[in-house]
J.: 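Before I ask anything, let me first share the structure, which is written out below as structure tokens.
Remember, it's 1-based here, ligands and their atoms both numbered in the order they're listed.
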Amino acid sequence: MSLQDCRIIELPKIHDPRGNLTFIEGGHHVPFDIRRVYYLYDVPGGADRGAHAHKNLHQFIVAMSGSFDVMLDDGRDKYRFHLNRSYFGLYVCPMMWRYLDNFSSGAVCLVLASSMYDQLDYIRDYDKFLEAALKPAT
Ligand code: TYD
């Protein structure tokens with residue numbers, strides 16, 4: 001998979017004078033079944049998170065509140081996405097080096113994930129990531 005498989009997805013938005021509503025259905029609005037939800041909050045100014053890749057995990061990242069950047073790198077190309085709306089999310093396919101930074105004050109980063117937490121799915125060393133990402137397919 002490459003950076004071109006990652007994309008911003010616009011979510012349904014039900015406008016209502018009482019407040020808007022957005023929903024996400026696994027396998028429909030995001031291209032995987034949702035097995036886990038986690039969120040980042042109370043991020044101090046200047047902090048960055050998540051400098052790693054996942055071997056098999058699919059993720060979908062939404063700025064529920066505030067804004068932040070997600071930097072994606074497939075070993076060949078890099079792209080910085082800015083997330084600042086709760087009805088847009090970023091689909092991140094497996095084998096993408098990624099980190100999050102530029103958090104606004106009060107930002108909340110919601111992540112939907114395709115499997116339970118598994119530390120063996122992580123690649124935390126950038127050189128090892130490059131080796132795996134650029135390995136010719138057999
Ligand atoms: P991690 O994914 O390593 O985040 P970062 O790369 O931004 O530091 O998670 C930080 C810690 O939280 C780590 O000790 C593992 C734990 N964690 C869980 O126990 N379950 C989860 O679903 C996640 C995402 C993290």
Side-chain angles (χ1 to χ4, degrees):
M1 297 195 117
S2 75
L3 196 50
Q4 288 172 7
D5 297 298
C6 301
R7 60 193 181 276
I8 296 286
I9 295 174
E10 183 168 5
L11 298 165
K13 185 177 182 189
I14 312 294
H15 295 265
D16 192 307
R18 299 168 300 164
N20 299 327
L21 184 152
T22 285
F23 54 95
I24 306 172
E25 294 174 350
H28 181 194
H29 302 107
V30 296
F32 56 87
D33 287 332
I34 300 161
R35 297 285 310 282
R36 177 166 53 111
V37 176
Y38 66 91
Y39 35 97
L40 301 169
Y41 53 98
D42 293 346
V43 180
D48 56 80
R49 302 262 352 193
H52 57 245
H54 287 279
K55 296 173 194 163
N56 296 304
L57 192 71
H58 298 254
Q59 294 181 282
F60 185 69
I61 304 176
V62 183
M64 296 304 286
S65 182
S67 64
F68 50 84
D69 290 354
V70 185
M71 181 70 161
L72 295 185
D73 172 357
D74 65 6
R76 290 188 169 84
D77 300 305
K78 296 181 174 85
Y79 195 82
R80 179 176 284 273
F81 294 86
H82 182 63
L83 296 181
N84 62 354
R85 292 278 181 273
S86 50
Y87 53 93
F88 282 102
L90 175 64
Y91 166 64
V92 181
C93 65
M95 285 306 289
M96 237 5 87
W97 188 265
R98 53 104 159 142
Y99 65 84
L100 293 82
D101 65 6
N102 198 22
F103 285 88
S104 69
S105 144
V108 178
C109 168
L110 176 80
V111 184
L112 309 181
S114 63
S115 59
M116 307 292 254
Y117 176 72
D118 175 8
Q119 59 172 329
L120 298 178
D121 188 60
Y122 281 70
I123 305 176
R124 293 191 181 275
D125 181 288
Y126 187 69
D127 290 335
K128 288 202 175 104
F129 163 73
L130 282 183
E131 201 180 305
L134 302 178
K135 189 173 63 183
T138 48

J.: Taking the six-membered ring for Trp, are His54 and His52 parallel (under 30°), tilted (30 to 60°) or perpendicular (over 60°)?
T.: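 Judged by the thresholds at 30° and 60°, the geometry between His54 and His52 is perpendicular.
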J.: For residues 123-136, run the donor-acceptor check on the side chains, cut-off 3.5 Å, and write out each pair with its distance to 0.1 Å, sequence neighbours left out.
T.:
residue: Asp125; atom: OD1; partner: Asp127; partner atom: N; Å: 3.0
residue: Asp125; atom: OD1; partner: Lys128; partner atom: N; Å: 2.9
residue: Tyr126; atom: OH; partner: Asp73; partner atom: OD2; Å: 2.5

J.: Less than 3.5 Å apart, which donor and acceptor atoms pair up between the side chains of residues 3-12 and the rest of the protein, not counting sequence neighbours?
T.:
residue: Asp5; atom: OD2; partner: Ser2; partner atom: N; Å: 2.8
residue: Arg7; atom: NH1; partner: Asp5; partner atom: O; Å: 3.1

J.: Tyr122 vs Tyr117, test: ring-ring contact (aromatic ring centres under 6.0 Å, His included). Steps then yes/no.
T.: CA-CA 10 Å; Tyr122 281 70; Tyr117 176 72; 5.7 Å; yes
J.: Hydrophobic clusters here meaning ILVMFWY residues chained together by side-chain heavy-atom distances under 4.5 Å, can you tell me if Phe60 and Leu100 are in one?
T.: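 No, Phe60 does not connect to Leu100 through the hydrophobic network.
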J.: At less than 3.5 Å, what protein N or O atoms come close to the N or O atoms of ligand 1? Include the distances to 0.1 Å.
T.:
residue: ligand 1; atom: 2 (O); partner: Tyr122; partner atom: OH; Å: 2.6
residue: ligand 1; atom: 3 (O); partner: Arg124; partner atom: NH1; Å: 3.3
residue: ligand 1; atom: 3 (O); partner: Arg124; partner atom: NH2; Å: 2.7
residue: ligand 1; atom: 4 (O); partner: Arg49; partner atom: NH2; Å: 3.4
residue: ligand 1; atom: 6 (O); partner: Gly50; partner atom: N; Å: 3.4
residue: ligand 1; atom: 6 (O); partner: His52; partner atom: ND1; Å: 3.0
residue: ligand 1; atom: 7 (O); partner: Arg49; partner atom: NE; Å: 2.9
residue: ligand 1; atom: 7 (O); partner: Arg49; partner atom: NH2; Å: 3.1
residue: ligand 1; atom: 7 (O); partner: Gly50; partner atom: N; Å: 2.7
residue: ligand 1; atom: 8 (O); partner: Arg49; partner atom: NH2; Å: 3.2
residue: ligand 1; atom: 22 (O); partner: Arg36; partner atom: NH1; Å: 2.5

J.: State which residues pass side-chain hydrogen bond (donor to acceptor under 3.5 Å, both in side chains) with Asp69; sequence neighbours excluded, sorted by chain then number.
T.: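 Once residues adjacent in sequence are excluded, the partners of Asp69 under the side-chain hydrogen bond (donor to acceptor under 3.5 Å, both in side chains) criterion are Arg80, His82, Asn102.
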